[in-house]
A.B. asks: 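Provided herewith is a single structure, encoded as structure tokens, for subsequent inquiry.
Atoms within a ligand are numbered from 1 in the order they appear, just like the ligands themselves. Each residue takes its place number in the sequence, starting with 1.
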Amino acid sequence: MNFLKLLKKPNLIAAHRGDRSQKPENTLSALASSIGKCDFIEIDVQLTKDLVPVIIHDDTLGRTSDVSKIGRFEDRTPWRVSDFTLEELQSLDFGSWFNHEYEPILTLKKALSFAKEQHLFLNVEIKDMSSTFADEIVVQIIIDMIKKMQAGHLVLLSSFYHHYLPMCKKLSSEIPTAALQIYKHPSKLIDYLHTLQVNAYHPEDKITNKKTVASLREAGFFVNVFTVNKAKRQKKLFDWGVNGIFTDFLA
Ligand code: G3P
Ligand code: MG
């Protein structure tokens, strides 16, 4: 099966940053913990200073690592991910902030090899790197890695920075893509999504309504909504025809 076929199944549950209510978000243990509890796993990817795709949500390291306790990094505030090499990130602990257990940084390469081994589907969210040196190359590097790992069939690429999405399609017409959106739908939404050449739309729950879902589904776009933690709301969205929801709490 590939990701597009998966999207045709009803009522999909996506593990937001892995099983993040049980394990430190975006780590291998968060991926492992979500096995058997969801249909696909969402992870956030950005590049290190030496251009390695790593799995971390925030632009900075403070919240999800022990960087603030490491003397040699004292003068590197605000500890931007893109200012650190992979080797430096590998010296940090990405688990103890959450449950006092060490976790290394997860690379995209490792996440993809784990997904292949365990037959997992991954929604790889490409973080907005437009304010960094990596803006021009981030998409190419991520897609090269997915191709190298022969994992294209297991991946859905998404981004809030919509400029990346046609680039994804250009580099790999096979891998499905999704536009993420917060606050407000773009005007002429359906036309806009056609110009981005995406397969899916990922709006935040707050801006999602029955009419918009119906028109998106009618136009052939898959709709996956984030972040929906309440069962009652999940059911309502599925009743409206939403394909999937992202949640922090897996049953
Ligand atoms: O991809 C869905 C969701 O992860 C988008 O928001 O900020 O949690 O990456 P964020
Ligand atoms: Mg995300």
A.B. asks: Consider every N or O of Asp44 and every N or O of ligand 1, then say whether any pair is closer than 3.5 Å.
C.D. replies: yes
A.B. asks: For Phe221, what residues pass the side-chain contact (heavy atoms from CB on, under 4.5 Å) criterion, not counting sequence neighbours?
C.D. replies: Ile190, Leu193, His194, Val198, Leu216, Ala219
A.B. asks: With ring centroids as reference points, do Tyr201 and His185 lie under 6.0 angstrom apart?
C.D. replies: yes
A.B. asks: What heavy-atom pair brings Lys147 and Ser172 nearest, and what distance separates the two atoms?
C.D. replies: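 Closest approach of Lys147 to Ser172: CE-CB, 4.1 Å.
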A.B. asks: Sort and list the pairs that fulfil ring pair (Phe, Tyr, Trp, His ring centres under 6.0 Å) and have at least one residue in residues 222-251, not counting sequence neighbours.
C.D. replies: Phe40-Phe246, Phe160-Phe226, His202-Phe246
A.B. asks: Quick check on Glu87: does its CD atom have over 12 non-hydrogen neighbours (other residues, nucleotides or ligands) under 6.0 Å away?
C.D. replies: no
A.B. asks: So, is His57 polar-close to ligand 1, with some N/O to N/O distance under 3.5 Å?
C.D. replies: yes
A.B. asks: Where's the contact between Thr227 and ligand 1, heavy-atom distance under 4.0 Å: side chain, backbone, both or neither?
C.D. replies: neither
A.B. asks: For the residue pair Phe84 and Phe73, categorise the inter-ring angle as parallel (less than 30°), tilted (30 to 60°) or perpendicular (more than 60°).
C.D. replies: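 Taking Phe73 first and then Phe84, their aromatic rings stand perpendicular (interplane angle over 60°).
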A.B. asks: Rounded to the nearest 0.5 Å, what separation is found between the CE atom of Met129 and the CG atom of Asp59?
C.D. replies: 8.0 Å
A.B. asks: Say whether His202 and ligand 1 are in contact under the criterion: heavy-atom distance to a ligand atom below 4.0 Å.
C.D. replies: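 No, His202 has no heavy atoms under 4.0 Å from ligand 1.
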A.B. asks: Could you check whether any heavy atom of Glu204 sits closer than 4.0 Å to an atom of ligand 1, since that is the contact criterion I want to use?
C.D. replies: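 Distance cut 4.0 Å: Glu204 fails for ligand 1.
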A.B. asks: Please write down residue, atom name and distance for the protein heavy atom closest to atom 9 (O) of ligand 1.
C.D. replies: Glu125 OE1, 2.8 Å
A.B. asks: Tell me which protein heavy atom sits closest to atom 1 (O) of ligand 1, plus the residue, atom name and distance to 0.1 Å.
C.D. replies: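 Ranked first by proximity to atom 1 (O) of ligand 1 is Glu42 OE2, 2.9 Å.
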A.B. asks: Output the list of atoms in ligand 1 that are nearer than 4.0 Å to some heavy atom of Arg17, sorted by atom number.
C.D. replies: 7 (O), 8 (O), 10 (P)
A.B. asks: Please could you name the atoms of ligand 1 that Phe160 approaches to less than 4.0 Å, counting only its heavy atoms?
C.D. replies: 5 (C), 6 (O)
A.B. asks: Report yes if the distance between the aromatic ring centroids of Phe94 and Tyr102 is under 6.0 Å, otherwise no.
C.D. replies: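 No; Tyr102 has its ring centre 6.0 Å or more from that of Phe94.
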A.B. asks: For ligand 1, find out whether one of its N or O atoms is nearer than 3.5 Å to an N or O atom of His16.
C.D. replies: yes
A.B. asks: Specify which N/O/S atom of Glu42 comes nearest to the Mg ion (ligand 2), by atom name.
C.D. replies: OE2
A.B. asks: With the Mg ion (ligand 2) at the center, what angle do OD1 from Asp44 and OE1 from Glu125 span, rounded to 10 degrees?
C.D. replies: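 About 90°, to the nearest ten degrees.
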